[in-house]
Amino acid sequence: MEEKRIDVLIEKAHAIFNHTSIYEVIDLENRQAAEEFLKKTYNCPEDEKINEYLDILEVVKAI
């Protein structure tokens, strides 16, 4: 059951930012580093998208 939930969350994350692996972002040391990585990689996307993406990754990490 958790495996399917993780798959759904990963799909949601990739729908927001699909050019990088979620693992590249999860492995960063903190949320600020992840935000900076996403801003650089995706040419300063909207803060709302960044927050939504990182919130999804927090759920994945907690599972």
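- In this structure, CG in L28 is found 6.5 Å from CZ in F37, a value given to the nearest 0.5 Å.
- Within the 4.5 Å cutoff, side-chain heavy atoms of F17 are placed close to those of P45.
- Contacts of T41 classified as side-chain hydrogen bond (donor to acceptor under 3.5 Å, both in side chains), with partners at least two apart in sequence or in another chain: none.
- A heavy-atom distance below 4.5 Å is not found between the side chains of E35 and D47.
- Taking the charged nitrogens against the carboxylate oxygens, K39 and E36 have no contact shorter than 4.0 Å, which rules out a salt bridge.
- Evaluation of the side-chain hydrogen bond (donor to acceptor under 3.5 Å, both in side chains) rule for D55 yields R31 as partners, not counting sequence neighbours.
- Considering all non-hydrogen atoms of both residues, V25 and A34 come closest at CG1-CB, 3.7 Å.
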Q: Show your working on side chain to side chain contact (heavy atoms under 4.5 Å, CB included) between I50 and Y42 and close with a plain yes or no.
A: CA-CA 10 Å; I50 291 173; Y42 292 96; over 6 Å; no

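- Separation of atoms CG (N51) and CD (E58) is listed at 11.0 Å; rounding is to 0.5 Å.
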Distance-only donor-acceptor pairs under 3.5 Å for side chains of residues 5-14, two or more places apart:
none

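- Within the model, atoms CD of E52 and CD1 of I16 stand 3.5 Å from one another, a figure rounded to the nearest 0.5 Å.
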Q: Take L54 and L38 through the side chain to side chain contact (heavy atoms under 4.5 Å, CB included) test and state the conclusion after the steps.
A: CA-CA 10 Å; L54 294 177; L38 292 170; 4.0 Å; yes

